[in-house]
Protein chains: 2
Amino acid sequence: MEQTKELDSSRLELAASMLKAIAHPMRIAILKHLEGGKKRTVSEIHELLGIEQSTTSHHLGILRDKGVLCSQREGKNTFYYLKFNILSQIVDCLETCTCD
Amino acid sequence: MEQTKELDSSRLELAASMLKAIAHPMRIAILKHLEGGKKRTVSEIHELLGIEQSTTSHHLGILRDKGVLCSQREGKNTFYYLKFNILSQIVDCLETCTCD
DNA sequence: CTTAAATATTTATATATTTGCATTTTTAAA
DNA sequence: TTTAAAAATGCAAATATATAAATATTTAAG
């Protein structure tokens, strides 16, 4: 019995929760800064986006909890990065679909 | 001044609202049934998914209002279909990322 | 052991979403 | 013009989400 390629009920739930995590302007912007396997700290993203530190941490936490990002602590810093590089496709697709 | 390929603030809002529309188990399932340019009526989707007619219409309305689907009425039926076929990429990507 | 930088968590309020049921509207056919 | 099928809308209760401010935790350096 191999892994199905279809989206059954529980996989639909998981897929929706991942997508819901991404579906926020700030969090899409975060993903933009993590394309190509880049790893960034909370502070870097906090400065790049110009939003509160706690808000930044909160958004990153959501993305990690829902399986979109991974994190790895190094000293005082925590680096975040895409769990699946293929997720950039979603941002790319949105760029195409919001051209007009 | 040509159309930028980047996601500025208002395009981020638009992208997020499209993605939020998709980010629901039932609505992902709906998109699955519209891949490849297929057109389906409210009733067909209502039967395929086994959910209430009004709930089906509601979900389809959200997807249309947010620019994910288009609709076209033909007699008593309203056919819904993907506004951009490329949107299937998002569903495909989710299938890949929820394999494990 | 103290301090300060970097993250993370808690809390509270405001806002938004989901769902089914009932109702209404639209359209074709009798 | 009455009827029935198909679709859309209004409503209300339960649930979920966003945000910022305040607080807490973790870690390296002094």
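Here is the naming used below: chain letters follow the sequence lines, and residue numbers restart at 1 for every chain.
- In this entry the distance linking CD1 of I30(B) with C1' of dT18(C) reads 13 Å, nearest Å.
- Note that the NZ atom of K76(A) and the OG1 atom of T41(A) stand 12.0 Å from one another [nearest 0.5 Å].
- E47(B) contributes atom CD, which lies 9.5 Å from atom OG1 of T56(B) (distance to the nearest 0.5 angstrom).
- In this model, the phosphate group of dA8(D) is approached by a side-chain N or O of Y80(B) to a distance below 4.0 Å at OP1 or OP2.
- The closest donor-acceptor contact from the side chain of R40(B) to the backbone of H33(B) lies under 3.5 Å.
- Rounding to the nearest 0.5 Å gives a distance of 7.5 Å between OG of S57(A) and CZ of R64(A).
- Distance alone, capped at 3.5 Å, is enough to place a donor-acceptor pair between the H46(A) side chain and the I51(A) backbone.
- Within the cation-pi definition used here (under 6.0 Å to the ring centroid, within 45° of the axis), K39(A) qualifies as a partner of Y81(A).
- Using a 4.5 Å heavy-atom threshold, the side chains of Q72(B) and T78(B) count as separate.
- In this structure, the CD1 atom of I22(A) is 13 Å from the P atom of dA18(D), given to the nearest Å.
- Neither OP1 nor OP2 of dA5(D) sits under 4.0 Å from any side-chain N or O of N77(B).
- Less than 4.0 Å separates DNA chain C from at least one heavy atom of each of the following residues of residues 59-66 of chain B: H59(B).
- Within the nucleic acid shown, F79(A) has no heavy atom closer than 4.0 Å to any nucleic acid atom.
- Minimum interatomic distance between V68(A) and A21(A) (heavy atoms only, all atoms of both residues): CG2-CB, 4.3 Å.
- Taking a 4.0 Å limit (strictly below) on heavy-atom distances, residues 40-58 of chain A reaches DNA chain C at T41(A), V42(A), S43(A), Q53(A), S54(A), S57(A).
- Looking at which nucleotide of DNA chain D each of M26(A) and E74(A) is closest to, the 5′-most match is held by M26(A).
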Could you go through K20(B) and E13(B), starting from their C-alpha distance and side-chain angles, then the distance that decides it, and tell me whether this counts as salt bridge (Lys or Arg N to Asp or Glu O under 4.0 Å)? CA-CA 10 Å; K20(B) 189 186 286 188; E13(B) 296 276 353; over 6 Å; no
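- Rounded to whole angstrom, the span from the CD1 atom of I28(B) across to the P atom of dT18(C) amounts to 12 Å.
- To the nearest angstrom, P of dA29(D) lies 7 Å from NZ of K76(A).
- Computed from coordinates, the E13(A) CD to dA16(D) P distance equals 11 Å when rounded to whole Å.
- Under 4.0 angstrom from either OP1 or OP2 of dT17(D) there lies at least one side-chain N or O belonging to K20(A).
- The residue among R73(A) and S71(B) whose nearest nucleotide of DNA chain D lies closer to the 5′ end is S71(B).
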